Structure formats: C-alpha cells, structure tokens
Amino acid sequence: MSFDVDLFVIGGGSGGVRAARIAATHGAKVMLAEEYRMGGTCVIRGCVPKKLMVYASQYHEHFEDAAGFGWTVGPARFDWPTFMAAKDKEIDRLEGIYGANLTKAGVEITAQRATVAGPNSVRLADGRTVSAWHILVATGARPSTDDVLPGRELAISSNEVFHLPEQPKRIVIAGGGYIAVEFAGVFAGLGSEVTLVYRGEKILRGFDEDLRDHLMAEYAKKGIRLVMNETFTGITRTEAGLTVAFRNGHLPIEADQVLMAIGRKPNTAGLGLEAVGVALGPDGQIIVDEESRTSVASIHAVGDVTDRVNLTPVAIREGHAFADTVFGGKRWIPDHAVIPTAVFSEPEIGTVGLSEEQARLSGCALDIYKATFRPMKHTISGRDTRMLMKLVVDGETDRVLGVHICGPDAGEMIQLAGIAVKMGATKADFDATMAVHPTAAEELVTMRTPTERHPKAIVAGAPRLP
Ligand SMILES: Cc1cc2nc3c(=O)[nH]c(=O)nc-3n(C[C@H](O)[C@H](O)[C@H](O)COP(=O)(O)OP(=O)(O)OC[C@H]3O[C@@H](n4cnc5c(N)ncnc54)[C@H](O)[C@@H]3O)c2cc1C
C-alpha cells in the first residue's frame, strides 16, 4: 500500500520538530503541521522567553549589589516595551531557525491545524486529507483553566504573560508549581508587587521539603507575599483594576493582572483520537508504551501530550528515539529515570534524583548532608540571602540518591551533578573529587559529616531505588 508520506507529524514543538528532522535524515518523506508558531511552547511561550524574562529581572539586584563593591550606579529604570521588543525579536529569530532547519532536512511544513482522520490518515484545516504510513502526535499541552471561577475571563495564563503591553505594577499569581513560582520571581525582580496564592501549604509540591522551605523564606525576604492554603472565589473588575476575593478568609487583593498558573492539560481535545481507537488517560493524555506507541500501531505520541515528564529535553529525546527506532533501524528507549531539572526562581533551584521524603519512603538507611551559607558575593554586597546544598545518600551502599541546590547558578550546577548521580556515583566518589575553590559548588564535595542519619526501616509497598 502506498501513502502520500512516510510520516506525518502533528505539532511543531520540541518533540515534533526533532522527530520530523531525524526521520527525514533517515530518508523518510515527512510532512509536519503546526497551527500556531514553529518551535512550540518552549521557544514561543515557555522556556526561552521565560528565561529571557528571568535575566531581565535579575539586573535590579545586580545594580544594588554593585554598590558594596565600590560601584556607583545611576538611577536604574526598566523599560518594559524595550525589553519585550528585544525578546520578541529573539523569539522570531529562533522560530525562523526551526522552520529553516526542517526545510533543509527535507520536511514539508504546513502552517495549519491537523487532526487524525484514521489510523493512516490526517485531515488538514484547508480540507485536504494526507495519507501517512505513520502518524506522530506531538501537540503538547495548554494552560489549565478554572472553568467555574467567576471572572476567570479577566485573568491571563502563561500564554498571554509574554505579550502584556505594559508591566503590571501589582500582580496576583495563582499556583504553586514551577511556572507560578518562576513568574513570581520575575515580576518581583522587575519591581512589581507580587502575591503568590496557592491552595496547598507550600509551593513546589514534590520537591525536597528543604528546598521548598528555603525558597519560601527567600521569596518572603524579597517581599513576595505568599498566601498559602487559599483559593480564589472570584475576580472582578473595579475602577482600581482587578480585585481577587478568597475562600479561606484572606482579605480581597487588588491587582493590575491576575495570572493563573494552575497546571497544564494535554492537547488532545478535538484531535479525532478517540474515534480511531487511541486510548486516552483521565486527563486526556495519550497512553503510550516505552516506544511511544499508542494503542493504534501506526500512531505514536511524544512530549507533553503523553504527560510523562513534561520538559523540553524529554520531549526531544522521545521524538529522537521514535524516529531512530521507526525510520533509522536503531531501536532505543528514552530513559525517564533520574532527570536533572531547574526552577528558574530567584534564587534558582537545581535538583536531581530523590528528595529526602521520596528516599525515606523506600525504607533504606539514609545519610543526609546539608549546608546553608551566604554566597561569597553577598558577604560584600550585604544582600540577605542564603544558599542551600543537600545530598541524600543511601546509608548502606553510599550511593548518592539525590542532590538539591537552591542558590545562584543551581541550574548550571545540577546539569553536571546529574551526570554523577545518573552514573551511580557514591558519596566516596564525591569526596574523592577535588574541590574547585572558591566556588559555591565545592560544598558538594566537602560536606563530610551527615547532618542527619535515618536507620533502615521496613515500609510496606516501598518503591525500588533507581
Ligand atoms: C511558561 C513555561 C515555561 C517552561 N519552562 C521550561 C523550562 O525551563 N525547561 C523545560 O525543560 N521545560 C519548560 N517548559 C515545558 C516545555 O515547554 C514543554 O515540556 C515542551 O515544550 C514540550 O514539547 P512538546 O513537543 O511536547 O509540545 P509543544 O512544545 O507544546 O509543541 C506542541 C505544538 O503543537 C501545536 N499543535 C497543537 N495542536 C495542533 C494541531 N491539531 N495541529 C497542528 N499543530 C498543533 C502547538 O501549537 C505547539 O506548537 C515550560 C513550559 C511553559 C508553559
């Protein structure tokens, strides 16, 4: 049976672009549909513009800190439109590169929505139908909404936050995940008055408890108002802007913008998947096996739409593995264990492996090494901020199970520490590594005495350690 193309990719984001390019370099005839902008969430309205905003937000403290080192800096002023224009120019440049690289590899790009019409058939918004030997769904995720909240249409999501015409002087952010936490840091750094509202007790659920406590303390020092155990009952427009009302007794707060960052949902609505027999999970995520195969043999899915580990490098690797396996005759399976990750809060978080709480659930004996200290730069700048370093070590095998850092450059550090943890390094391996002095990272190889020891315990249903 012959098909129009060997592979049709729906979605031009991190996973889809990588899969399309690699499949084409293996000789496959590939077509890719993107309904918004090439590059997807990461490039257009995620990691990249967010990180540029993080950089913009850090200058304020750099200027202040410079005084301690003898610099006199004139009155500093941030111009939102200048920054936004520079950021947009960079995003346009990246978008162009993504498209050009695909075209160079021989991929045909079509700028429109596509849906699945059959196991080997894709329908385009312009009415055409394309037959494909394989279909890859890489449609990502979208911000969750609170569909019953009165006034929800007055709030923005992370999609709109990158396009605000002016900087909000006052912003209320709902959510406790990394996106909410990062934007709280960004807007505080830019000088906005920030309130972060979360229904749980602490931000960053699932992260090591010490990291969560540490960052909350640092955010409080920066004047970010942390309202925990609270949810919105409504948003109304008033003469002064927007007013947010709360369920659990907090007084209403006025703001210029309200950002809802309450999670993300896989983009499967209206894609035609159920009709062709592709099994979906309760949140609409596509259920796949380790080779990213769905319940229909000719349809695969990668990235956020499968809701495995929702990060760009993971989507890229899943897309690459799929293309090598199906079109390159090289079968391999992406490894989802021990993934280093960062939260670009201010200060930054870098984390890899098990949190202390996860490790304790395994019941193994644990040695915890923990240090908090003032980063060297701030001994002179005078800034009241502290850095946290923590190692979670298996007390019997000496294996380092987790590394958790909160402080400047934590994201850069954890990429490298992640290699050691992934390789199964022991605490003795860390200790045998010479320190780089004077750095903050040297603390990782110089913490000699456990700050806490936990004996082995029998825990029913304990998960296997990596
Ligand atoms: C604010 C924010 C910050 C983030 N920061 C980080 C970070 O610092 N580090 C990190 O690793 N990850 C980060 N992420 C997550 C990261 O962006 C995603 O994990 C990654 O983009 C997933 O890639 P993907 O290919 O699965 O989907 P996406 O990149 O979302 O791409 C999906 C594409 O499919 C298109 N599409 C959807 N439906 C259709 C259709 N029917 N037809 C045609 N096209 C369609 C969409 O327009 C989109 O372009 C962030 C996300 C957000 C929202």
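In each ligand, atom 1 is the first atom listed, and ligand 1 is the first ligand listed. Since the model is a prediction, treat every value here as computed from it, not as a measurement.
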| Aromatic rings F63 and Y59: how do their planes relate, parallel, tilted or perpendicular, breaks at 30° and 60°? | tilted
| Atoms of ligand 1 close to P313 [distance to a heavy atom under 4.0 angstrom, numbered from 1] | 11 (O)
| message | Show every ring-ring contact (aromatic ring centres under 6.0 Å, His included) that has at least one partner inside residues 267-317, sequence neighbours left out. | response | H134-H300, H300-F322
| request: Provide the number and element of each atom of ligand 1 under 4.0 Å from a heavy atom of T139. | output: 32 (C), 34 (O), 37 (C), 38 (N), 39 (C)
| message | Between R170 and D256 (salt bridge meaning N to carboxylate O under 4.0 Å), is one present in this structure? | response | yes
| When you measure from atom 31 (O) of ligand 1 to every protein heavy atom, which one gives the shortest distance, and what is it? | G13 CA, 3.3 Å
| Is there any N or O on G46 that sits under 3.5 Å from an N or O of ligand 1? | no
| request: Could you tell me if any non-hydrogen atom of T115 lies under 4.0 Å from any atom of ligand 1? | output: no
| task | Would you mind reporting whether E61 and K222 have side-chain heavy atoms less than 4.5 Å apart? | result | yes
| request: With heavy atoms only and a cut-off of under 4.0 Å, state how A138 meets ligand 1: side chain, backbone, both or neither. | output: backbone
| request: Find all atoms of ligand 1 within a distance of less than 4.0 Å from any non-hydrogen atom belonging to Y36, and give their numbers and elements. | output: 47 (O)
| Where ligand 1 meets G303 - atom numbers and elements under 4.0 angstrom, heavy-atom basis | 26 (O)
| query | Is E34 touching ligand 1 with its side chain, its backbone, both, or neither, if touching means heavy atoms under 4.0 Å apart? | reply | both
| query | Within 45 degrees of the axis of the six-membered ring of Y198 and under 6.0 Å from its centre: does R205 put its NZ or CZ there? | reply | no
| said: Using a 3.5 Å cut-off on N or O atoms only, is S158 in polar contact with ligand 1? | reply: no
| field | Donor-acceptor under 3.5 Å (K422 side chain, A337 main chain) | value | yes
| field | Where ligand 1 meets C42 - atom numbers and elements under 4.0 angstrom, heavy-atom basis | value | 17 (O), 21 (O)
| message | Quick check on the 6.0 Å ring-centre criterion: do F183 and F162 meet it? | response | yes
| query | Does Q112 come within less than 4.0 angstrom of ligand 1, counting non-hydrogen atoms of the residue? | reply | yes
| task | Could you see which bit of T41 sits under 4.0 Å from ligand 1, with heavy atoms only: side chain, backbone, both or neither? | result | both
| message | Is it the case that the side chain of H214 and the backbone of R386 share a donor-acceptor pair, with hydrogens and angles ignored and the cut-off at 3.5 Å? | response | yes
| query | What residue and heavy atom of the protein are closest to atom 52 (C) of ligand 1, and at what distance? | reply | I179 CD1, 3.6 Å
| task | Start with the C-alpha distance between R247 and T231, add both sets of side-chain angles, then the distance that settles side chain to side chain donor-acceptor pair (under 3.5 Å), and finish with yes or no. | result | CA-CA 6 Å; R247 179 157 290 118; T231 49; 3.0 Å; yes
| task | Provide, to 0.1 Å, the distance between atom 27 (O) of ligand 1 and the closest protein heavy atom, together with that atom's residue and name. | result | G140 CA, 3.3 Å
| Region of L311 that comes within reach of ligand 1 [heavy atoms, distance under 4.0 Å] | both
| said: Assess the residue pair W133 and N120 against the criterion (side chain to side chain donor-acceptor pair (under 3.5 Å)); give the C-alpha distance rounded to whole Å, side-chain angles, the decisive distance to 0.1 Å, and a yes or no. | reply: CA-CA 6 Å; W133 180 37; N120 298 97; over 6 Å; no
| said: If I apply the N/O under 3.5 Å rule, does K50 come out as touching ligand 1? | reply: yes
| message | So if I count the atoms of ligand 1 from 1 in the order they appear, which ones are less than 4.0 Å from some heavy atom of R264? | response | 53 (C)
| request: Identify, for atom 18 (C) of ligand 1, the protein heavy atom at the shortest distance, and state residue, atom and that distance. | output: D304 OD2, 3.2 Å
| task | State whether the number of non-hydrogen atoms from other residues, nucleotides or ligands found under 6.0 Å of R142 atom CZ is greater than 12. | result | yes
| note | Closest to atom 34 (O) of ligand 1 among protein heavy atoms sits G11 CA, 3.2 Å
| query | side chain to side chain donor-acceptor pair (under 3.5 Å) between E35 and Q112: does it pass, once the steps are laid out? | reply | CA-CA 4 Å; E35 66 176 348; Q112 58 182 313; over 6 Å; no
| query | Relative to the heavy atoms of G15, which atoms of ligand 1 are at a distance of less than 4.0 Å? | reply | 25 (O)
| Mind checking whether I287 and S295 have side chains closer than 4.5 Å, heavy atoms only? | no
| message | Check whether S57 reaches the backbone of G189 with its side chain - one donor and one acceptor, N or O, closer than 3.5 Å. | response | no
| task | Mind jotting down which residue pairs meet the side-chain hydrogen bond (donor to acceptor under 3.5 Å, both in side chains) criterion with at least one end in residues 175-195? Sequence neighbours excluded, please. | result | K50-E182, Q167-S192
| task | For Y178, counting its heavy atoms only, list the atoms of ligand 1 lying under 4.0 Å from any of them. | result | 4 (C), 5 (N), 6 (C), 13 (C), 14 (N), 15 (C), 50 (C), 51 (C)
| remark: Closest to atom 41 (N) of ligand 1 among protein heavy atoms sits A114 O, 2.9 Å
| request: Write out the residue and atom name of the closest protein heavy atom to atom 6 (C) of ligand 1, then the distance separating them to 0.1 Å. | output: C47 SG, 3.3 Å
| said: Please classify the I44 to ligand 1 contact at 4.0 Å (heavy-atom distances, strictly less than): side chain, backbone, both or neither. | reply: neither
| task | Can you pull out the closest protein heavy atom to atom 20 (C) of ligand 1? Residue, atom name and distance to 0.1 Å, please. | result | T312 OG1, 3.5 Å
